[in-house]
Amino acid sequence: MFYIKRCDYEAKAVILRPTFYKQEVMDTIQIKDKQFKVSIEAETIQAEVARVANEINKDLIGKNPLFLSVLNGAFMFTADLLKHITIPCEVSFVKLASYEGTSSTGTIKEMIGLNADLTGRTVVIIEDIVDTGLTMQHLLESIALHNPEKVLIASLLLKPDKLKVELDIQYVAMSIPNDFIVGYGLDYDGFGRNYPDIYTVID
Ligand code: IMP
């Protein structure tokens, strides 16, 4: 009896989830001094995240990857991506702390909070967005110091026209124009991370 009820519940959860997002979507949101309009709805995001997860499942069979999620922005992407990962894996979290570098290098972001041993591992960095790519470049340099076997990048979003450095990004859920966005983990001054949809600033 319990088993039947549980199945009912799970079936409903699967059917109701897209409807739930649909009901929640707002066409525009206001964060502080800026207005944003919805640009990528939750259903599209979820489909692209599942697609990326399936690619990783196929590519990394037998590799037991370590997913390294970059907080705060990648928290939603990480949670949804990992739900679709069916190969054995581990997940760990790091943060990037900004500090001023020399005048030639500008602001450097240092990786903090790493408590996993990366030696000999296949590491998949999970990022929210690659914009200029400078953050990812610093991150790759920091991770290389920990002697992984291989480092791959999975980014929810990429702004291809903003890239300033050459990066080999294996997994991108969606490429977007140069506009500033919020939602699905991304913020404007700390706000806006909570929305299941992605919003673009209105000029
Ligand atoms: P990059 O070093 O220029 O590639 O910047 C990467 C970081 O900038 C991301 O991890 C985000 O935290 C932030 N970022 C870049 N573009 C956006 C955006 O459109 N909205 C919110 N944050 C962004």
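Positions are given from 1, in the same order as the sequence printed here. First listed ligand is number 1; within each ligand, the first listed atom is number 1.
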**OP:** Without swapping roles, check the side chain of Asn57 against the backbone of Thr86 for a donor-acceptor pair under 3.5 Å.
**Re:** yes
Original post:
Can any side-chain N or O of Glu48 pair as donor or acceptor with the backbone N or O of Met174 at less than 3.5 Å?
Top reply: no
Subject >> Note: Lys37-Asp27 ion pair, threshold 4.0 Å (strictly below) >> reply: no
How far is [atom] from its nearest protein heavy atom, and which residue and atom name does that atom have?
atom                    : value
atom 10 (O) of ligand 1 : Asp128 OD1, 3.0 Å
atom 19 (O) of ligand 1 : Lys159 NZ, 2.8 Å
atom 6 (C) of ligand 1  : Thr135 OG1, 3.6 Å
atom 16 (N) of ligand 1 : Asp131 OD2, 2.9 Å

Subject >> Plane angle bin for Phe36 and Phe180 - parallel if under 30°, tilted between 30 and 60°, otherwise perpendicular >> reply: tilted
Please determine whether any non-hydrogen atom of [X] lies less than 4.0 Å from an atom of ligand 1.
X      : result
Glu127 : yes
Lys162 : no
Asp187 : yes
Gly133 : yes

Original post:
Val130 and side chain to side chain contact (heavy atoms under 4.5 Å, CB included): which partner among Leu163, Val165, Leu157?
Top reply: Leu163
Original post:
Just one of Asp197, Asp80, Asn194, Asp128 clears the side chain to side chain donor-acceptor pair (under 3.5 Å) bar with Tyr184, so which one?
Top reply: Asp80
